Each structure stands twice: as C-alpha cells, then as structure tokens.
Student: 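Okay, handing you the structure first.
Note that the numbering runs from 1 along the sequence shown for the chain. In this text, all values refer to a predicted model and were calculated from it rather than measured experimentally.
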Amino acid sequence: LGSTVIVSNKETGKERPYTIVTEEERYQVDNAASAESPVGQALMGKKAGDTVEVQGPNGAVYFEILNIEG
C-alpha cells in the first residue's frame, strides 16, 4: 500500500499512474485505486514488466506495469 504504479494500456498505449491505497483513503489521493478494487487487486504483488488483466464494465483491459515507485 502507498506505492504508485505506472501502467500502460496495452490497447491504447496511454500511460497512467495508480496509487494503491486503503478504501478509506481512495477519495483523498489523486489517481488512487483501493487495494480492494479490481485495479488494485490486479496490481498488488506484481512487478515492472508484468501484464495484468482488469475486468471492467466493458470487458477486460490489459495493462503493462512500467514502473513501481515507493
């Protein structure tokens, strides 16, 4: 928790940071993903270079983890 994970959407190439936080902190931190959310669960325990699948309302989204800070 507290790490910022930089990911790249495998389909669009768009990069985005996610800071992994507790459920209580998710509205207090910019670009937050709670550890309980689908994004947070997919990113927890992974390392740079890994590809993760996140199930969203429109189907699966695949992210490559570019960097982990913190």
Student: Working to the nearest 0.5 angstrom, can you tell me the gap between I6 CD1 and R16 CZ?
Tutor: 10.5 Å
Student: Could you check if a side-chain atom of F63 sits within less than 4.5 angstrom of a side-chain atom of T51, using non-hydrogen atoms only?
Tutor: no
Student: Can you tell me which residue among L66, N67, I65 is in a side chain to side chain contact (heavy atoms under 4.5 Å, CB included) with S8?
Tutor: L66
Student: Measure across E53 and A42 and return the closest heavy-atom pair with its distance rounded to 0.1 Å.
Tutor: O-CB, 3.8 Å
Student: At their closest point, which heavy atom of R26 faces which heavy atom of A32, and how far apart are they?
Tutor: O-CB, 3.5 Å
Student: Does atom CD (E11) have a neighbourhood of more than 12 heavy atoms from anything else shown, all under 6.0 Å?
Tutor: no
Student: Do the non-hydrogen side-chain atoms of Y18 and V7 ever get within less than 4.5 Å of each other?
Tutor: yes
Student: Where do N9 and V61 land on the side chain to side chain contact (heavy atoms under 4.5 Å, CB included) test, with the steps shown first?
Tutor: CA-CA 7 Å; N9 183 308; V61 178; 3.6 Å; yes
Student: Looking at E25, is its backbone amide N or carbonyl O close enough to the side chain of Q28 to form a donor-acceptor pair, meaning the two atoms are under 3.5 Å apart?
Tutor: no
Student: What heavy-atom pair brings V39 and A33 nearest, and what distance separates the two atoms?
Tutor: CG1-CB, 4.0 Å
Student: Drop me the distance from E15's CD to E64's CD, to the nearest 0.5 angstrom.
Tutor: 9.5 Å
Student: Which heavy-atom pair separates V52 from K46 by the least distance, and what is that distance?
Tutor: CG1-CG, 3.7 Å
Student: Return yes if some donor-acceptor pair links the side-chain N/O of T12 with the main-chain N/O of K14 below 3.5 Å, else return no.
Tutor: yes
Student: Should E23 and S34 count as side-chain neighbours, where that means a heavy-atom distance under 4.5 Å?
Tutor: yes
Student: Quick one: pull up CG in L43 and CD1 in I68 and give me the separation to the nearest 0.5 Å.
Tutor: 8.0 Å
Student: Same cluster or not: V5 versus V21, using hydrophobic residues (I, L, V, M, F, W, Y) connected whenever any side-chain heavy atoms lie under 4.5 Å apart?
Tutor: no
